[in-house]
Visitor: 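Let me begin by handing over the structure; questions about it come next.
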There are 2 protein chains.
Amino acid sequence: MLSAIMEDYLKAIYYLQDETDERVRTSTFAEHMDVEQPSVTSMVKKLAERDFVHYEPYKGVVLTDTGIPIALEIIRHHRLLERYLTERLEYDWAEVHDEADRLEHHISSQFADRIAEQLGNPAVDPHGDPIPTADLDVSPPQSGETLADQQVGEKVRIERVPDHDPDLLRYLSEHGITPTTVVEIVETTSFGMVTLDPDGTDERVALPEEVARIITTQTLTGASN
Amino acid sequence: MLSAIMEDYLKAIYYLQDETDERVRTSTFAEHMDVEQPSVTSMVKKLAERDFVHYEPYKGVVLTDTGIPIALEIIRHHRLLERYLTERLEYDWAEVHDEADRLEHHISSQFADRIAEQLGNPAVDPHGDPIPTADLDVSPPQSGETLADQQVGEKVRIERVPDHDPDLLRYLSEHGITPTTVVEIVETTSFGMVTLDPDGTDERVALPEEVARIITTQTLTGASN
DNA sequence: CTATAAACTTAGCCCCATCTAATTTCGCTC
DNA sequence: GAGCGAAATTAGATGGGGCTAAGTTTATAG
C-alpha cells in the first residue's frame, strides 16, 4: 500500500514530466510540493526502491511503467471528484480543487467508478482536463494552442484552464469564461495584455499574457470536445 | 489540527463510553482499535494534553466538552456518508462501512452539509443509528429494547442494527431484515436462539441470542422513527 | 582547464504512531 | 494486610516523512 503522500509525489511527477518532457529535477519538485529539497531526495529514493520511478542521482526522476498507472488513478479520482462536486454537490468552480486534492487519496476505485457512472462517464473535468478512463486511458494532449497564440479578431473556444489558482478561476467564471465558452480576441498589446470578448456579451475581459499562455483553446471548426 | 488517527480514538471513546457508561479502559480500547495497549496509553496522554479527554492513569478515560463535539462531527460524517453511499451511489448495505470509515476523516464539513442537504437532512443512517445534526445534536438513545427482550408472538419494528459486521448485515438484508421492517417473534429457545418472521413473509430467520441482543426494536404503537 | 555558484545529496535531528519487553499498580483472595 | 495475577504504564526501538546544516557534484564562465 502507498501512503497519500507517496501518491502525491507520483502525481506531481506525472504533471511535471508532462510539462517539461524530461526528467523531473529535485528543485522543480520541491517547489511544486512545497517541501525542502532533501525531503524530495529521500522520498524519491523510497519510490525508486519500490520501482515506481527511475531515479538517477543528480539527474532527476521519471515514472516507470509501474508508477504511471498509479499516478493516472489518482488523477482520475481527482478529476472525477471535481466534476462530481461541481455538478452534484453545488460546489463552486473555484473551491473544488482543495476538497478533491484530499479526497482523491481516500476514495476507493469503486467509489470513483460509481460517481463516473452517475455523471455518465464524462471525458473532461470542469477545467477542461481529460479524465482518464477506468482502464486508465487518457485522451491525447489537446491542440496545444493557447489564448496567447491568437490573433486579434479570432474566435476560439476555451478548452482548458489550469485548476490551481482559485482566485484566477473565480475571476474567470465571474466574467463568463469557462471551458467550452467561445471568446473573441479583441486586443493584444506589446506589453503583454490580451483582451477578450466572451461570446455574445459586450463585456471585455483583460488577462496578462502569462495567464493567456496557460489557457488552451480550440479553433472553431466543428470540434466540440 | 487533528490527525485522522486521533479522530478515530475520539470516536472510539465516544462509542465505548456510550456502551459501558463509564471510563473507557485501556484494554477495551486496545481491542476495539486493534492496537497494543501501550499505543493506547501514549495516544491517550497526547489527547489529554490537548484537553480532548480527561485521563486518570490506571483508571481510564472520558471525553471532555472539547472532545465530544469532535467525536460527534466524525460520527455525523460517517453516518451521512453511509446514507449517501447506499442511497445515491448504489452501495450495498454491507459494504458501506469501510468506505465511510476512511472518508469520514477527509471530507470537509461543507461536504457533509451538502450531502445532508441532498438527502433531505435524514435523521438516521441505513443501520438506524441517529445522525447528529449540523450543530451536533444527537437524538436521545432510543427505546433500548432489543429483539432478545421480546416474547413469542410479539410484533416489533427493527430500529437499529450495528454496522460493524458486514457478514451479519449481508445475512440480515438477504432475509429481509433492515431498520424499519416489522418482524414477529415466532420462537425463542432456552439454548439461545431467536426465530423471526419478517413482515408478511413466511420465511423464518434464526438468530443467536447474542445477535438478537444488539438489534434494537420499537414497539408497534404508532411511533415511526 | 580551473574556479565557483547552483543544484543535489548526506548526515543527523524531530515528531508521529506504532511495537515488544520490562516494570509498576490495582484489586482481589486468603 | 500479604501475595498474586491481570491490567496499565514506562522504556526503548522502528519506520514514515519532514527539516537544517554540511558536504558533493554538476555546469558554466572565464
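Below, read A as the first sequence line, B as the second, and so on, with proteins coming before strands; counting in each chain starts at 1. All values derive from a computational prediction rather than experimental measurement.
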Visitor: Rounding to an integer number of Å, can you tell me how far Y55(B) OH sits from dA8(D) C1'?
Guide: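 After rounding, the reported distance stands at 7 Å.
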Visitor: Can you label the angle between the W93(A) ring and the H127(A) ring as parallel, tilted or perpendicular, going by 30° and 60°?
Guide: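 The rings of W93(A) and H127(A) lie parallel, inter-plane angle below 30°.
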Visitor: Classify P57(A) by what it touches in the nucleic acid, base, sugar-phosphate, or nothing, heavy-atom distance under 4.0 Å.
Guide: sugar-phosphate
Visitor: Could you tell me the separation between the CG atom of D8(A) and the P atom of dG16(D), rounded to a whole number of Å?
Guide: 17 Å
Visitor: Using a 4.0 Å heavy-atom cut-off, does K46(A) contact any base of the nucleic acid, only the sugar-phosphate backbone, or nothing at all?
Guide: base
Visitor: F29(B) near the nucleic acid: base, sugar-phosphate alone, or nothing, with a heavy-atom cut-off under 4.0 Å?
Guide: nothing
Visitor: Figure out the CZ/P separation between R23(A) and dT26(D), and round it to whole Å.
Guide: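 Rounded to the whole Å, the gap is 12 Å.
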Visitor: Could you tell me the separation between the NZ atom of K45(A) and the P atom of dG15(D), rounded to a whole number of Å?
Guide: 16 Å
Visitor: Could you label the plane-to-plane angle of the H106(A) and H106(B) rings as parallel, tilted or perpendicular, counting under 30° as parallel and over 60° as perpendicular?
Guide: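 Ring orientation, 0 to 90° scale: parallel.
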Visitor: For H77(A) versus S109(A), what's the shortest heavy-atom pair and its separation?
Guide: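 Nearest heavy atoms, H77(A) then S109(A): NE2-CA, 4.0 Å.
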Visitor: Is it the case that atom CD in E31(B) sees more than 12 heavy atoms from other parts of the structure closer than 6.0 Å?
Guide: no
Visitor: Please name the pair of heavy atoms, one in R79(A) and one in I131(A), separated by the smallest distance, quoted to 0.1 Å.
Guide: CB-CG1, 3.6 Å
Visitor: By nearest nucleotide on DNA chain C, pick out whichever of R25(B) and S39(B) is the more 5' one.
Guide: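 Residue closer to the 5' terminus by nearest nucleotide: S39(B).
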Visitor: Where the side chain of Q37(A) is concerned, which of dA7(C), dG18(D), dT9(D) is the nearest nucleotide?
Guide: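 Nucleotide nearest to Q37(A)'s side chain: dA7(C).
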Visitor: What is the nucleic acid contact for M33(B), judged by heavy atoms within less than 4.0 Å: base, sugar-phosphate only, or nothing?
Guide: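 No contact.
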Visitor: Between dC26(C), dT18(C), dG18(D), spot the one nearest the side chain of Y58(B), thanks.
Guide: dC26(C)
Visitor: How many whole angstroms separate atom OH of Y9(B) from atom C1' of dC16(C)?
Guide: 11 Å
Visitor: Contact class for T26(A) vs. all strands (heavy atom < 4.0 Å): base, sugar-phosphate, or nothing?
Guide: sugar-phosphate
Visitor: Expressed as a whole number of angstroms, how long is the span from E31(A):CD to dA7(C):P?
Guide: 11 Å
Visitor: Show me the protein contacts with nucleotides 2-5 of chain D, counting only N or O atoms at under 3.5 Å.
Guide:
none

Visitor: Name the nucleic acid region contacted by S27(A), choosing base, sugar-phosphate or nothing; use a 4.0 angstrom heavy-atom cut-off, strictly under.
Guide: sugar-phosphate
Visitor: Using a distance-only test with no angle check, is there a side-chain donor-acceptor pair under 3.5 angstrom linking H78(B) and E104(B)?
Guide: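 There is such a pair between these side chains.
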Visitor: If you only use heavy atoms from C-beta on, which nucleotide in dA8(D), dT20(D), dG17(D) is closest to the side chain of P38(A)?
Guide: dT20(D)
Visitor: Measure the spacing between OH of Y14(B) and CD1 of I74(B) and express it to the nearest 0.5 Å.
Guide: 13.0 Å
Visitor: Which part of the nucleic acid does S3(A) contact within heavy-atom distance under 4.0 Å: base, sugar-phosphate only, or nothing?
Guide: sugar-phosphate
Visitor: Ring centres under 6.0 Å, that's the criterion: do Y9(B) and F52(B) meet it?
Guide: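 No, too far apart.
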Visitor: Just how far, in rounded Å, is P of dT18(C) from CD of E36(B)?
Guide: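 In whole Å, dT18(C) P lies 11 Å from E36(B) CD.
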Visitor: What integer distance in Å separates L47(A):CG from dG17(D):C1'?
Guide: 12 Å
Visitor: Pick the closest DNA chain D nucleotide for V35(A) and for K59(A) by heavy atoms, then say which residue is nearer the 5' end.
Guide: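 With V35(A) and K59(A) compared, the 5'-side residue is V35(A).
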